[in-house]
Amino acid sequence: MAEIIDGKAISTQIKDELKTKVSELKASGKSIGLAVILVGNDPASAVYVRNKKKACEYIGIESLSYELPEETTEDELLKLIDELNNKNNVNGILVQLPLPKHINEERVLDAISPLKDVDGFHPVNVGALSIGRKGFVSCTPAGVIELLKRSGIEIEGKECVVIGRSNIVGKPMAQLLLRENGTVTIAHSRTKNLKEVCRRADILVVAIGKPKFIDSEYIKEGAVVIDVGIHRQEDNKLCGDVDYDDVFPHVSYITPVPGGVGPMTIAMLMNNCVKSISLQ
Ligand code: GUN
């Protein structure tokens, strides 16, 4: 019988642990501040930012909110980041993506001090991950590792297949599984024989961005399936990249959508904020 990995419960557990840590830090005179920058009016981004601020409040992290108009210039944004890089009460800086089209995302992310880059997107942190140095790790893949570990799933020596090669999920996911001594394959849109590649996986992490793409034909009997996708269906219900009902009878563990990987991203962002104190 498959076990459902409860990301909501695990993320709450992590946030409660962090809350305790933050109050201990406060008792020793250290507080944590996260600057959250939102440019423009993207409704999905506004929801994400609101949830991040709510999590800060729950844990006891001070959130400093910068909600800037759509017309903000790249120079204005870079100037704000420079100021925040130099502010002692700001330990983490988060620029919500996507940015408006007239702003160069790469230039903006590169401007954030690697020591305050709680998203783990700065090239210095990306490089640090690949050579096993200390640094911030992208939150969603870090959350997946935490889900596996806290569910008692061993990674060492396992065949791990990651579908998707984005800078935010697929690539850091593969690096993290490798760091845990998994045998890692990255599959992507140009992969030939995707079904056969996936059927090798003891642990299959799916981040393709296509609703219900992965059905039981892609699954080895007894595999662990982690679904990073999230989509709104025509009936208004949410679904992932995995056809959950079709796959369920064949897996040992699976993450649901919603309530699987999703809640872990914010929990790991909070974890990075707490970590920022020891890195700085
Ligand atoms: N937009 C979608 N996901 C993310 C994320 O993890 N961090 C930031 N900053 N923006 C996002």
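As a basis for the values below, the full set of heavy atoms in this structure was taken, side chains included, without hydrogen atoms, waters or symmetry mates. Please read these numbers as outputs of a predicted model, since none were measured by experiment. Remember, it's 1-based here, ligands and their atoms both numbered in the order they're listed. Note that the numbering runs from 1 along the sequence shown for the chain.
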Counting only heavy atoms not in [X] (residues, nucleotides, ligands), do more than 12 fall under 6.0 Å from its [atom1]?
{"X": "Glu57", "atom1": "CD", "answer": "no"}
{"X": "Asn86", "atom1": "CG", "answer": "yes"}
{"X": "Lys220", "atom1": "NZ", "answer": "yes"}

Test the Lys212-Tyr244 pair against the cation-pi criterion, namely NZ or CZ under 6.0 angstrom from the six-membered ring centroid and within 45° of the ring axis.
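No, cation not above the ring by the 6.0 Å, 45° rule.
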For ligand 1, the portion of [X] having any non-hydrogen atom under 4.0 Å away:
{"X": "Phe121", "result": "side chain"}
{"X": "Val95", "result": "backbone"}
{"X": "Asp119", "result": "side chain"}

Return yes when at least one protein heavy atom is under 4.0 Å from atom 7 (N) of ligand 1, and no when none is.
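At least one protein heavy atom is under 4.0 Å away.
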Looking only at atom types and distance, does a side-chain atom of Asp241 sit under 3.5 Å from a main-chain N or O of Ile208, one as donor and one as acceptor?
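Pair found, side chain donor or acceptor close to backbone of Ile208.
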Nitrogen or oxygen of Leu97 less than 3.5 angstrom from that of ligand 1:
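Yes, Leu97 has an N/O under 3.5 Å of an N/O on ligand 1.
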Nearest protein heavy atom to atom 4 (C) of ligand 1, by residue and atom, and its distance?
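Protein heavy atom at minimum distance: Gln96 NE2, 4.2 Å.
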